[in-house]
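Just below is one structure, and these are the notes that go with it.
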Amino acid sequence: MKTIKGKITTFFVFCLILVGVLTILYYENTMSLRRKLAIIENFDDLLNNTLELRRYEKNLIYYHDVTSLDESVYYLFRIEDASKRFEDDMIRVVGSDDCERFQQTLIAYKKNLERNMSLVKSGNSDVDEEEIRTKGKVLVDIAQKLIRLKRKRIDQALSHSLVISMASLGAFIILILIVFHLVSRGILKPLSLVRRATEQVARDTFTPIAYQEDKKDEISRLIGAFNRMANELETRQEQLLQSRKLASIGTLTSGIAHELNNPINNISLTAETLKYGYNEMGPEEIDELLQDILVQADRASQVVKNLLEFSRTEKPYLRELDLKEVVNKTIKLIKNQVMISGVELATDLPERLPSVKGKRQDLEQAFLNVLVNAIQAMPGGGKLSIRMIAGIDGYIRTDISDTGIGIKPSDMAHIFDPFFTTKEVGKGTGLGLSLVYGIIRTHGGYIEVKSEVNKGTTFSIFLPIAEEGESIEHQDKNSHR
């Protein structure tokens with residue numbers, strides 16, 4: 001009974017038993033009704049024979065019709081034979097007392113009729129009319145009572161059939177309601193939860209289904225398997241995000257190398273100058289050179305620090321973030337790549353922006369992927385614009401526009417699909433924009449894209465503004481899963 005299959009089997013077995021019981025009841029009631037109808041036909045014959053006997057009795061008494069004697073004897077024998085054959089039925093209907101009274105009355109009537117027949121045959125008109133009429137009336141009354149009571153029992157049998165029919169209908173309605181309730185609660189409702197959770201998975205939100213997993217039915221096992229799948233997908237998503245981060249770092253290698261090479265060369269040149277000219281320099285000049293070495297070392301350290309912070313794998317807390325700071329930090333990561341690619345960078349960032357709630361590293365990853373895609377879309381150079389607008393329906397809007405090759409209308413519907421790419425083999429995996437989509441959706445935002453072939457593309461990223469009074473820092477609910 002713990003599984004749905006067991007419950008369905010039990011239900012159908014119960015239905016079969018119920019149908020079997022009802023079939024037996026209907027069969028028994030039908031057969032009983034047939035027997036009652038056969039008995040009442042016999043009682044009707046008994047009454048008709050009695051009435052015919054009385055009719056010839058009147059001919060004999062009032063008209064002294066000798067020819068009626070034979071008919072009277074004929075019907076008398078028929079009544080006598082019927083009373084013996086249907087004695088048990090008569091006892092069941094009117095009881096043994098009335099049955100015995102009918103038999104005794106019939107015997108007395110027969111004797112009285114024989115005596116009167118002798119008188120009529122001898123020409124004597126002194127016939128005992130009162131006695132024979134009284135006995136005949138008793139016979140008719142009992143025969144009519146038999147029919148009346150039997151009809152009453154047939155009516156009761158028909159009423160019982162109607163009650164059984166209504167009870168059966170009521171039982172089936174109740175069963176249907178019970179089945180509907182069980183199916184709705186045990187199957188349809190959980191399946192609806194699975195459907196909604198699957199839709200969330202399609203939007204890269206891996207939230208387990210809250211359900212009583214202590215049950216042993218198929219739906220519970222399905223939900224348990226779904227929750228394990230969601231946890232596994234979330235883990236894989238994190239691994240995929242990390243892989244994409246590493247891939248992004250590889251893309252930035254040339255720029256980062258240049259970024260590190262400049263301060264290292266400056267440190268080397270300054271140290272060499274200090275080494276060979278130390279004895280000829282004054283304190284102020286030496287201090288200036290040392291200060292320059294410290295600045296260049298801090299510059300190199302900051303580059304390394306940005307890379308380490310960008311590539312770390314632990315799950316951060318949701319924090320109130322300055323989105324302008326996040327974008328500026330991401331711009332620093334691609335600054336040299338912008339210069340090497342011959343791209344002109346223009347920014348329009350307001351001085352003050354409301355805060356957003358999010359994971360800094362994930363948002364940097366999202367903006368970095370969009371910016372790198374924009375740079376790669378302008379192989380011959382172009383203009384990259386970043387513009388931020390606050391307070392649009394409770395969102396901060398960030399427009400990242402390029403003047404590159406654009407996106408074909410046929411490709412527009414697939415740009416966020418995993419592994420979809422229009423780049424040459426070895427130039428991209430097709431995971432960048434799918435991860436951007438997942439990150440922005442996880443933060444409660446959305447993305448709009450506008451593009452014209454050979455004119456450029458604009459990615460508009462909308463992120464919700466943090467509500468006032470919301471705690472500055474709390475654990476992301478997904479980080480516990």
Side-chain angles (χ1 to χ4, degrees), residues 25-164:
L25 289 176
Y26 274 118
Y27 178 78
E28 288 294 332
N29 196 67
T30 302
M31 296 305 295
S32 175
L33 191 59
R34 289 182 64 182
R35 289 192 296 268
K36 287 180 173 62
L37 290 174
I39 291 172
I40 201 171
E41 287 180 0
N42 295 330
F43 289 167
D44 280 332
D45 290 340
L46 180 65
L47 176 60
N48 291 333
N49 290 332
T50 304
L51 293 175
E52 287 295 322
L53 176 63
R54 300 271 343 251
R55 184 167 67 86
Y56 288 109
E57 165 201 313
K58 293 176 182 178
N59 292 337
L60 179 64
I61 292 173
Y62 295 113
Y63 306 109
H64 301 284
D65 184 6
V66 179
T67 59
S68 299
L69 291 175
D70 294 335
E71 295 295 335
S72 297
V73 172
Y74 170 76
Y75 284 107
L76 184 61
F77 280 122
R78 290 193 63 176
I79 294 170
E80 192 174 28
D81 178 65
S83 65
K84 290 179 181 179
R85 285 191 296 113
F86 309 132
E87 182 179 0
D88 292 337
D89 294 332
M90 294 173 65
I91 291 173
R92 283 195 298 269
V93 175
V94 295
S96 58
D97 291 343
D98 281 342
C99 182
E100 181 67 23
R101 188 158 67 95
F102 184 85
Q103 298 286 358
Q104 295 298 329
T105 304
L106 182 60
I107 294 172
Y109 182 89
K110 180 179 179 182
K111 291 179 180 179
N112 190 277
L113 183 62
E114 290 175 349
R115 186 171 58 253
N116 288 319
M117 283 180 183
S118 300
L119 293 174
V120 172
K121 287 180 180 181
S122 63
N124 189 348
S125 61
D126 188 14
V127 179
D128 188 2
E129 299 177 9
E130 187 63 30
E131 179 68 19
I132 197 170
R133 288 174 58 190
T134 302
K135 299 298 183 184
K137 185 177 184 304
V138 171
L139 294 176
V140 172
D141 289 343
I142 294 176
Q144 289 176 337
K145 184 178 181 181
L146 283 169
I147 293 175
R148 184 174 65 254
L149 293 178
K150 199 60 183 178
R151 284 177 177 170
K152 184 177 180 181
R153 293 191 179 186
I154 290 175
D155 289 340
Q156 290 176 348
L158 291 173
S159 299
H160 290 162
S161 297
L162 182 60
V163 170
I164 292 174

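Just so you know, residue 1 is the first one in the sequence shown, and it goes up from there. Heavy atoms only: backbone and side chains are in, while hydrogens, waters and symmetry mates are out. Computed from a prediction, not measured in an experiment: that's the story for all the values here.
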Please list every donor-acceptor pair under 3.5 Å in which a side-chain atom of residues 91-101 meets a protein atom from a residue at least two apart or in another chain.
{"residue": "Arg92", "atom": "NH2", "partner": "Asp89", "partner atom": "OD1", "Å": "2.1"}
{"residue": "Asp98", "atom": "OD2", "partner": "Lys145", "partner atom": "NZ", "Å": "2.6"}
{"residue": "Glu100", "atom": "OE2", "partner": "Gln104", "partner atom": "NE2", "Å": "2.8"}

Test side chain to side chain contact (heavy atoms under 4.5 Å, CB included) applied to Lys137 - qualifying residues, sequence neighbours left out: Arg54, Asp141

Distance (rounded to the nearest 0.5 Å) between Leu139 CG and Gln144 CD: 11.5 Å

Could you state the interatomic distance from CD1 (Ile39) to CE (Met90), rounded to the nearest 0.5 Å? 12.0 Å

Side-chain donor-acceptor distances from residues 40-49 under 3.5 Å, at least two apart:
{"residue": "Asn42", "atom": "ND2", "partner": "Ala38", "partner atom": "O", "Å": "3.3"}
{"residue": "Asn48", "atom": "ND2", "partner": "Asp44", "partner atom": "O", "Å": "3.1"}
{"residue": "Asn49", "atom": "ND2", "partner": "Asp45", "partner atom": "O", "Å": "3.1"}

Salt bridge Arg55-Glu52, side-chain N to carboxylate O under 4.0 Å: yes

Rounded to the nearest 0.5 Å, what separation is found between the CZ atom of Phe102 and the CG atom of Leu106? 5.5 Å

List the residues meeting salt bridge (Lys or Arg N to Asp or Glu O under 4.0 Å) with Arg85, not counting sequence neighbours, and say none if there are none. Asp81

Between Val138 and Ile142, does the side chain to side chain contact (heavy atoms under 4.5 Å, CB included) criterion hold? Intermediate values first, please. CA-CA 6 Å; Val138 171; Ile142 294 176; 3.9 Å; yes

Rounded to the nearest 0.5 Å, what's the gap from CG on Leu37 to CD1 on Ile154? Could you check? 4.5 Å

I'd like to check the side-chain hydrogen bond (donor to acceptor under 3.5 Å, both in side chains) partners of Ser32; sequence neighbours left out, ordered by chain and number. Lys36

Measure from the side-chain N and O atoms of Gln103 to the backbone N and O of Ser83, and report whether any donor-acceptor pair falls under 3.5 Å. yes

Heavy-atom distance under 4.5 Å between the side chains of Tyr109 and Leu76, does that happen here? yes

